[in-house]
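Heads up: the structure comes next, in structure tokens.
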Protein chains: 2
Amino acid sequence: MSSTHLSIGDLSRATGTKVETIRFYEKNGLLPQPGRTQGNYRAYEPAHLNRLSFIRRARDLGFSLDQVRALLTLSDDRSHSCAAVDVIARAHRDEVERKIKDLQSLKTVLDQVIESCHCNIVADCAIIESLAPASQGS
Amino acid sequence: MSSTHLSIGDLSRATGTKVETIRFYEKNGLLPQPGRTQGNYRAYEPAHLNRLSFIRRARDLGFSLDQVRALLTLSDDRSHSCAAVDVIARAHRDEVERKIKDLQSLKTVLDQVIESCHCNIVADCAIIESLAPASQGS
DNA sequence: CTTGACCCTATAGCGACTATAGGGTGTATA
DNA sequence: TATACACCCTATAGTCGCTATAGGGTCAAG
């Protein structure tokens, strides 16, 4: 591969993204199709590397691929208002916040259930009992 | 459906589980195959309802289907030691704990990113910038 | 000239459902 | 009796974000 072009393996190493994942991003319209070498290898420009880095960072922050797609589109129009960016980021933060709360109340219940078990056999197990509070017909 | 047998719709309403999900549980070995009516409708016993309730409670607590399967097997052998139950429950709690921590640090970053944005256009947007820190080639 | 690292496409699998297509059953009412 | 309608059936494909596999082609070094 020439000095100015990068192979898919180069992008993979540079961003810590699996090769298959890069092809997956291309197929799903997140990464534009690069040129090809004579041997039909993908030949990326530095711009592709930037874009892939962007995608990875956004994914690391938990944005969905749809959100990443939207962020990429917005970031391409540099004169556009960034209000839409803010909306996406805040929606995602709210979602994360909600998940944290859900998991915290879940953990509270799990803690209670686990702590209540001081038994030896399943017939007396408080964990099992908490799952099947009605009389055990099965 | 006779007075002692329940239709799939009955189980659905009683447990708040979609009909398709009940069939899915059956196909995946969580719920035993019920008898059938003359018209080939599933005819459930009360024991099925108990089992489905168990599954739903465990799922609500975030146990995976594999974990639920294991818990069901354990709960069927009522004379068995409940140590294995404890192991599954604690493993799941630890997992939930880890997820909470991950999401909390994620939220911290998202908060910082969102708070840092006081701009009007994408070119100056701190959110976009935090995603693409290198010079924008694309 | 062969080895081995790398690349290609196409397709199937994961988990836990959900949705759809294309039918059959059972009951209440006109 | 006809028909409308709620309910049930099976089989298959779709969701999300990859990951893995099969079955090949390319390219540089030894």
Side-chain angles (χ1 to χ4, degrees), chain A residues 1-3 5-31 33-44 48 52 54-72 91-92 95-96 99 102 106, chain B residues 1-3 5-31 33-44 48 52 54-72 91-92 95-96 99 102 106:
Chain A
M1 197 124 326
S2 87
S3 57
H5 288 119
L6 301 155
S7 74
I8 197 167
D10 293 335
L11 256 73
S12 171
R13 278 181 293 277
T15 61
T17 311
K18 296 204 170 174
V19 166
E20 297 84 2
T21 307
I22 298 174
R23 287 196 278 250
F24 168 80
Y25 288 157
E26 178 182 324
K27 204 171 61 184
N28 288 270
L30 287 137
L31 210 48
Q33 293 191 356
R36 296 287 177 134
T37 65
Q38 280 196 326
N40 199 32
Y41 284 18
R42 287 172 179 81
Y44 293 100
H48 287 103
L52 180 55
F54 186 106
I55 295 168
R56 294 308 293 184
R57 279 170 212 272
R59 292 289 302 131
D60 284 349
L61 288 176
F63 287 99
S64 71
L65 289 192
D66 269 355
Q67 288 174 320
V68 175
R69 235 183 302 264
L71 289 172
L72 280 167
H92 177 46
E95 178 78 4
V96 169
K99 275 188 193 157
D102 284 357
L106 189 60
Chain B
M1 197 123 329
S2 86
S3 58
H5 288 120
L6 301 155
S7 73
I8 198 167
D10 292 335
L11 256 73
S12 172
R13 277 180 294 276
T15 62
T17 311
K18 294 203 175 178
V19 166
E20 296 85 2
T21 306
I22 298 175
R23 288 197 279 249
F24 168 81
Y25 288 157
E26 179 182 323
K27 204 172 59 185
N28 288 270
L30 286 136
L31 211 48
Q33 294 191 355
R36 297 285 178 136
T37 65
Q38 281 197 324
N40 199 32
Y41 284 18
R42 287 171 178 80
Y44 293 100
H48 287 102
L52 180 56
F54 185 107
I55 295 168
R56 295 308 292 183
R57 279 171 212 270
R59 291 289 302 130
D60 283 349
L61 288 175
F63 288 99
S64 71
L65 288 192
D66 270 354
Q67 288 174 322
V68 174
R69 235 183 303 264
L71 289 172
L72 280 167
H92 178 47
E95 177 79 4
V96 169
K99 275 188 194 159
D102 283 357
L106 188 60

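To find a chain, count down the sequence lines: A is the first, B the second, and so on, and within it residues start at 1.
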Legend entry - Separation of D:dC27 C1' from A:D10 CG (nearest whole Å): 14 Å
Legend entry - DNA chain D: 5'-proximal contact among B:V19 and A:G39 (nearest heavy atom): B:V19
Legend entry - salt bridge (charged side-chain N to carboxylate O under 4.0 Å, His left out) contacts touching residues 15-28 of chain B (sequence neighbours left out): B:E26-B:R42
Legend entry - Gap separating the CG atom of B:L71 from the CZ atom of B:R57, nearest 0.5 angstrom: 14.0 Å
Legend entry - Nearest-Å distance for atom pair CD1/C1', residues B:I55 and C:dG15: 16 Å
Inset, instruction - Nearest whole angstrom, please: distance from the P of D:dC7 to the CG of B:L11. - result: 15 Å
Inset, instruction - Answer yes or no: does a side-chain N or O of A:R42 lie under 4.0 Å from OP1 or OP2 of C:dT9? - result: yes
Inset, instruction - Output all residues satisfying side-chain contact (heavy atoms from CB on, under 4.5 Å) with A:S12, sequence neighbours left out; order by chain, then residue number. - result: A:V19, A:I22
Legend entry - Carboxylate-amine/guanidinium proximity below 4.0 Å for A:R69 and A:D66: yes
Legend entry - Rounded interatomic separation in angstrom, taking CG from B:L31 and C1' from C:dA16: 15 Å
Inset, instruction - Compare side-chain N and O positions of A:S7 against OP1 and OP2 of C:dC6 and report whether any pair is under 4.0 Å apart. - result: no
Inset, instruction - Determine, for nucleotides 14-19 of chain D in 5'-to-3' order, which nucleotides have protein heavy atoms under 4.0 Å from the base (write B), from only the sugar-phosphate (write S), or from neither (write -). - result: ---BBS
Inset, instruction - Under the salt bridge (charged side-chain N to carboxylate O under 4.0 Å, His left out) rule, collect the residues that match up with A:E95, sequence neighbours excluded. - result: A:R98
Legend entry - 5' priority, DNA chain C, between B:Q38 and B:R23 [closest heavy atom]: B:R23
Inset, instruction - To the nearest Å, give me how far apart NE2 (A:H5) and P (C:dC7) are. - result: 15 Å
Legend entry - Distance, rounded to the nearest Å, where B:I8 contributes CD1 and C:dT25 contributes C1': 15 Å
Legend entry - Atom-to-atom span, CG of A:L6 to P of C:dC7 - whole angstrom: 11 Å
Legend entry - Residues that A:N40 engages under side-chain contact (heavy atoms from CB on, under 4.5 Å), provided they are two or more places apart: A:R36
Legend entry - Results of ring pair (Phe, Tyr, Trp, His ring centres under 6.0 Å) for B:F63 - residues two or more places apart only: B:H92
Legend entry - Nearest-Å distance for atom pair CG/C1', residues B:N40 and C:dG23: 13 Å
